[in-house]
Each structure stands twice: as C-alpha cells, then as structure tokens.
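Structure first, then comments.
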Amino acid sequence: MSVLSETMPSVAALEAALRITPDAPDNRERALLLCELAAMLRDSDARRALRLAEDAREIYARLSDRPGLAESAYLMGVCRRWLSDLAPSLTDLLEALRLFTEMQDDAGLCKTKNWIGNIYSELEHYDDALRLLGESRELAVKLGDKTAEAHALNNTGLVYEKKCDYITAVGFHLQAMSLREATGDRVSLGASYNNLGLLYEHLGDYPGALEFLFKAFTLHETFDNRRGKALVLNNLSIVYRKLGDESLALTCLLQSLWLSEQIGEKRNEINALCNIGNLHYRQGNYANALTYILRALSIARDIGSERSEGMALTNLGRIYHKLGEAETAVRHFTDGLRASQRTQDKGNEMESLLHLGSLSAESQKISDALTQLTASLELSAEAGDKEHQQRSHAALSEAHRQAGHLQKSAAHQTAALRLSGELHNEESGRKSRDLMLRHTLEQAERNAGLYGLRREDLSHITKTLMQSAVNVAPAPAKDTQPAHRSKSHTGSGDLPLSPKPAQIYVQTFGTFSVTIEGRTLSKDDWGRKKSRDVFKVLLINYQKAVTTGELIDAIWEEDAAGKNGGKNLEPALMNAVSSLRKALEPQLAAHKSSRFLKSQDKSYTLDLGEDAMIDFHLFKQCVREAETAPAEKKQTCYEQAVRLYTGSFLKEDLYESWATYERESLQESYLSALGALAAVHLARHETDEVLAYAEKVLACDRTSETAYDLIFTALHAAGRTAEMRKFYARCKQAFEKELQLPPPKKFDKFLL
C-alpha cells in the first residue's frame with residue numbers, strides 16, 4: 001500500500017502523519033494513511049478502525065480507485081466481524097472479493113477468502129467455510145506467504161473446534177503456531193496459544209491448557225490486544241472452575257465481560273454471561289443465574305446467532321431443572337438441542353442430551369434416558385471431551401441401576417471414577433498450581449516498576465506466594481449444588497438477589513422485553529401496541545393503583561384532551577387490558593382473576609409477584625444502597641447499578657410523555673453513579689478508569705461539565721498534556737455546537 005506499511009509505523013506516527021495531511025476529498029495519500037491506521041487498530045479498537053476505513057472508502061470512491069476500494073471494503077469487513085456485525089461484514093468482504101477477482105489480485109483474494117471463511121464458520125456454514133479456507137491456504141502457498149497460510153490454518157482449526165473434532169483442530173492449530181513462531185508473528189501467535197489452550201481444556205489436560213493460555217495472555221497484554229485478553233480470560237475461567245477455584249474464575253469472567261462490552265465483541269460477551277450464570281447456578285444463586293443467562297439469550301437473539309441461542313437455552317434448562325420446573329426445563333433442553341443440531345454445535349448437543357437423559361431417568365422413562373445418555377457419551381467420546389465422558393458415564397450408571405442392569409451400572413461407574421481420577425489427579429493439580437503461581441510471579445515482575453516496588457519487596461511477595469501455594473491448594477471441581485441458600489448474598493459482580501428465584505424478568509433498559517417462566521413475549525403475544533403501553537404505564541407505577549382515567553389521559557393523551565370529538569375511550573382501554581391479560585397469561589380463562597393484573601374501583605394495579613426481577617427497580621435499589629452504604633461498599637453498589645443500565649429507559653417510547661419523567665430520573669441517577677465511580681478512581685490516580693467512566697457520561701450528555709472536569713483533572717495529574725488538549729478541543733466543539741457557548745472558563749487553567 002505505502003512505504004509506511006514496510007516500515008511498520010506506530011499508531012502515534014500514523015496519527016501524526018494524518019494531522020499534517022490535508023483533509024481533502026480527493027487526497028489519495030490521506031486515504032492510504034487512513035487504511036494503514038485502520039489495519040493497525042482493527043484488532044484492538046475495531047469501532048475506530050471502522051470509521052477510518054469508511055473515511056478512506058469515501059476518498060477512493062471519488063477517485064474511482066479500484067485497489068483502494070477493495071482494500072477499504074476488506075478492512076471494513078474485518079472490523080465489522082470483530083464487532084459481531086456478521087451480515088454487513090459479509091457484504092463488505094464479498095464486495096472486496098469481487099474487486100480483487102476483477103484485478104486478479106491473488107494476495108487480496110487470499111486474505112479476503114480467509115475472512116469470509118471465518119464468517120461462514122460463525123454463521124455455522126461449515127462446508128462453505130472449509131472450502132474457502134482451503135482456497136485461501138492454496139493461494140498463500142502459491143504466494144509463499146507463511147503469515148497468510150498460518151491464518152488459514154488457524155481458522156480451519158476453529159471450524160473443526162466448533163464441530164467438536166478436537167484432535168483434528170489441534171493439528172491445524174499446531175501447524176499455525178509453528179508457522180507463526182517461525183515468521184515471528186507474535187501478535188497472531190497469541191491467538192494460536194489461546195486456541196490450543198481451549199482445546200487442551202476440552203481434552204482434559206488442564207496443565208497444558210494453562211501453559212498455553214498464560215502464554216497467550218502475556219502476548220495479548222504486551223500488544224494491548226483487548227479482544228485477545230477477553231477471549232483468554234473467558235477460557236481461563238473455565239479451567240479455574242474445573243480446578244475448583246470459582247472465585248478466581250468469576251474474577252476472570254467479570255474482566256472478560258467488561259472488555260467484551262467495551263469493544264463490542266458480542267459472542268464473547270454471550271459466553272462470559274453464560275459462564276457467570278453457570279457459576280451462580282453452581283452456588284445455588286438461581287436468581288442471579290437466570291438474570292445473566294436471560295441477558296445472554298437476549299443478545300444472542302439480537303445478533304441472530306442460533307448457535308449462541310441454543311447454548312443459552314440449554315443453560316436455562318439446567319436452572320429450571322434445579323427449580324423443580326421439569327416441563328419448562330425439558331422445553332428449553334429440547335429447543336437447545338434442536339438449535340445445536342441445526343448449527344452442528346456438537347458441544348451443546350451433547351450437553352442437552354445429557355440433561356434430557358437425566359430428566360428422563362428421574363421421570364422413570366428409562367428407555368428414553370438410556371438412548372439420550374448413550375448418544376451424549378458417543379458424542380463426547382468422539383470429541384475426546386473427558387469431563388463430559390465422565391458425567392455421561394455417571395448418569396448412565398444411575399439409569400442402568402434404576403433399570404436393574406447392575407453389571408452395566410457398575411461398568412459405567414468404574415469408567416466415571418477412572419476419568420475423574422485422570423482429570424483431577426494429584427500430579428495434574430500440582431502442575432496446574434505451579435503454572436498459576438509462575439504466571440502470578442511473572443505478572444508481579446512486570447508490574448513491579450509500576451508500583452515502585454524494590455527488589456526485596458518482590459522477594460518477600462514471592463516467598464509469600466510460594467508458601468500460600470504449598471499450604472492452600474484448590475479443591476477438585478464438584479458438580480453438585482446446594483439445594484438452596486439460607487441467606488441472600490451480594491458479592492462483586494452480583495445483582496441483588498430476590499429471596500426466591502425469579503420466574504419473571506422485565507428489561508426496560510435498552511431493548512424492552514418481558515420473560516415469564518422462560519417465555520419471552522413477542523409482538524404477536526402483545527396483540528396491540530396499546531396493551532404494551534398499558535403494561536409500561538402500570539410498570540412505572542408498579543404495585544400502585546392507576547385509575548382508568550389516568551391511563552386514558554396518559555396513553556390516549558390527544559384524544560382524551562378532546563381532539564377526538566369527545567369519544568368514549570373506556571372501551572379502547574378495556575380492549576387493551578384484555579389483550580394485556582392474554583399476553584401475560586395465555587391460559588387464563590375469561591372472567592377469571594389475573595395473578596398479575598388486579599382491578600378494583602375503576603383502577604388497575606400491576607404486581608408480578610415477589611419473585612419478579614425488574615431491571616430498573618433493581619437499578620434504583622442499587623443506587624439507594626450506594627447512597628447509604630459505608631464507603632468501602634459504595635463502589636460495588638454503584639458498579640452493579642451501572643452494569644444494569646444497558647441503554648435508555650424504554651427507548652422505543654422516546655416521544656411518549658408518560659415515560660419521560662422516569663427516563664430522565666433514571667438517567668440522572670446513572671450519570672451520578674458514573675461520576676461517583678470516576679471520582680473513586682481519580683482518588684486512586686487510575687487515569688484510564690476515570691476516562692472510561694467519563695466517556696460514558698459524555699455519551700449521554702456531550703456538554704457535561706462534571707465529565708470534563710474529571711477528565712482534565714485526571715490527565716493533568718498524570719501529565720498527559722497532549723490528550724488533555726484533544727479533550728479540550730472536543731469540549732469546545734460540543735459547547736459551541738450544543739449550547740452556542742464557549743467552554744467554562746474554569747477549564748482554561750488546564751491548558752496553561
């Protein structure tokens with residue numbers, strides 16, 4: 001593309017070059033620089049890289065520059081892939097493929113086919129994916145491009161991993177790793193290490209998994225690859241959980257979730273949410289488990305990932321099974337199984353079969369149980385997944401015992417014990433602990449200078465950690481959960497627990513949805529918009545009586561004001577209420593009392609029961625607790641509140657007056673919580689954390705003096721003058737555009 005690509009410039013150098021390059025609509029040099037910078041940022045900051053590539057495409061379009069159009073379309077496709085926008089990503093890449101084909105550009109075809117193959121894999125079109133990846137690899141060999149060959153091998157391994165052919169996947173990833181080590185491609189080498197770590201975990205080799213994952217994390221940290229770190233942290237959590245350290249697993253997952261949310265990596269966000277939900281499930285926190293899994297299910301449906309949806313449905317089935325809701329559990333397991341079979345997700349298919357088999361055995365349907373559990377065992381044996389084989393053998397042992405097949409029961413029990421010993425033997429545990437300790441010490445050494453530690457300080461820490469590793473060893477992972485918890489508990493990352501598991505979940509922040517006992521209401525379920533509006537008005541006035549007159553005034557505002565010729569609007573309200581009753585309780589007979597909607601004296605009250613979880617109520621509860629909590633607990637409460645606020649309250653009703661006050665009130669509380677958290681990090685001199693929270697404030701209010709005050713104070717204290725000037729320019733532009741005023745005078749002191 002340019003001389004710059006040969007000299008491997010830094011991001012800062014490219015940004016500096018862009019600043020002195022005229023921003024003209026036909027400046028080819030600027031377009032080249034934009035593409036260079038987008039290529040460097042695509043893995044770490046895909047959103048910004050996408051904007052740069054789009055700007056470059058506009059210039060190339062004016063110049064009718066086909067090579068430039070092909071390159072910018074390719075970069076846009078890659079960026080959208082990292083942002084999980086698969087359909088638009090595929091459109092961009094197919095356009096790049098067309099242009100590279102017309103130009104007979106083998107290098108362009110090689111890299112584009114590789115990425116299209118990766119997307120087909122994500123879309124569960126595995127045959128198409130393998131075909132394109134094979135073509136990409138052939139082109140790479142023809143060109144003698146070892147880096148491109150490694151990319152094709154890596155993505156081929158990912159396809160076989162999704163098909164649960166772990167042994168074949170390991171072979172492809174080892175080939176990719178060898179090429180990357182030979183070419184010195186350390187950025188991509190981290191991905192190979194991560195992929196191999198996950199495969200070794202599937203195969204039950206936990207020390208091998210940790211060794212690869214720690215190497216991957218170190219490389220991703222070196223290059224500040226946030227996407228890579230998010231994926232590794234999620235995979236590390238699985239190993240830690242299986243080694244019995246659920247606290248460390250949760251810590252990794254919360255970091256992974258935060259990183260995924262920051263960079264828009266939806267699929268890893270879904271995985272992290274499901275894994276967090278599973279940890280709560282294992283601890284008996286079923287209300288929390290439902291919250292996280294339902295959130296994962298919602299995101300999966302939003303992005304159209306049937307594979308992720310199947311995984312979430314199976315996880316929901318596990319929770320409802322524990323809650324004694326056998327029919328609901330079977331429905332979710334069956335739906336999850338069908339989705340997995342359609343998408344060839346063998347991992348979730350065997351998980352669904354295992355749980356369906358266990359439920360069949362509990363219901364004395366032994367023939368069905370044996371069929372389902374045998375299928376689960378065969379799939380796990382084919383994949384080489386030792387942990388799943390162990391669980392399948394244990395379940396088959398119990399099913400055969402119930403059938404009176406004592407010899408077969410004993411054989412499966414022996415196999416389960418043998419596999420358990422292999423997975424949790426003392427030598428494996430010792431190696432795993434040694435690796436965890438070594439990784440901790442390496443991190444301490446890297447960070448020693450940052451915290452001003454002397455060599456003797458580090459020596460003392462090393463001795464302490466070594467002694468801790470000798471005295472405290474993680475217990476083997478268990479697959480049993482307590483039947484209930486006697487007390488509610490709210491830990492880091494937890495949502496406030498209801499005294500009983502939630503059967504109803506209402507989401508009002510961002511996308512509006514209502515889920516009742518596993519059934520998410522669709523537009524068809526609501527029947528008409530007015531019935532949904534009645535529900536929302538009653539929800540805002542939750543557990544309070546709202547008169548028919550107040551409902552009519554709110555929902556039929558203009559008609560009620562006399563603009564409809566004085567028409568009686570009560571029949572319209574009655575029809576909306578009738579549709580609402582049917583949506584909430586489809587089996588409710590006419591003239592029967594509703595569990596949720598009470599009517600008395602021309603008024604209605606919505607009460608979904610004490611088990612319901614309503615996101616904006618939980619948000620308010622967190623904020624109230626933060627306001628009265630002691631200093632050491634305020635941060636946790638505010639973090640929980642911020643995590644719940646996933647978008648504007650009832651944003652689909654942006655112009656409805658009945659939602660305005662509540663929306664503004666909730667946003668004000670959200671901004672206050674962000675400001676409080678930013679202030680906490682400011683006091684600790686944690687500049688990047690301050691900027692992250694302040695950016696969230698500015699996303700809601702571009703002229704927030706509080707946000708800019710925090711930003712300027714933090715950057716000034718850190719001596720980051722160049723960034724401070726950039727933010728001042730941004731502040732000036734926002735105030736002039738939004739308020740037609742200059743920035744507040746108090747900010748001038750930061751520019752002296």
Between the side chains of E211 and K215, is the shortest nitrogen-to-carboxylate-oxygen separation below 4.0 Å, so that they form an ion pair?
no
Looking at E95 and R98, does any basic side-chain N land under 4.0 Å from a carboxylate oxygen?
yes
Electrostatic pair K162:E122 at N-O distance under 4.0 angstrom
yes
Hey, is R307 close enough to D345 for a salt bridge, meaning N to O under 4.0 Å?
yes
Salt-bridge test for K142 and E138: reply yes if a basic N is under 4.0 Å from a carboxylate O, no otherwise.
no
Are E261 and R295 close enough for a salt bridge, meaning some N to O gap below 4.0 Å?
yes
With respect to H151, which candidate in R137, K111, R180 satisfies the side-chain hydrogen bond (donor to acceptor under 3.5 Å, both in side chains) definition?
R180
Does R57, at its CZ atom, have more than 12 non-hydrogen atoms belonging to other residues, nucleotides or ligands within less than 6.0 Å?
no
Is the shortest distance from a Lys or Arg side-chain nitrogen in E54 or R80 to a carboxylate oxygen in the other one below 4.0 Å?
yes
With a cut-off of 6.0 Å (strictly less than), are more than 12 heavy atoms of other residues, nucleotides or ligands near CD of Q733?
no
Quick one: is the NZ or CZ of K242 closer than 6.0 Å to the six-membered ring centre of Y206, and within 45° of its axis?
no
Quiz question: by atom type and distance under 3.5 Å, do the side chains of T314 and N348 form a donor-acceptor pair?
yes
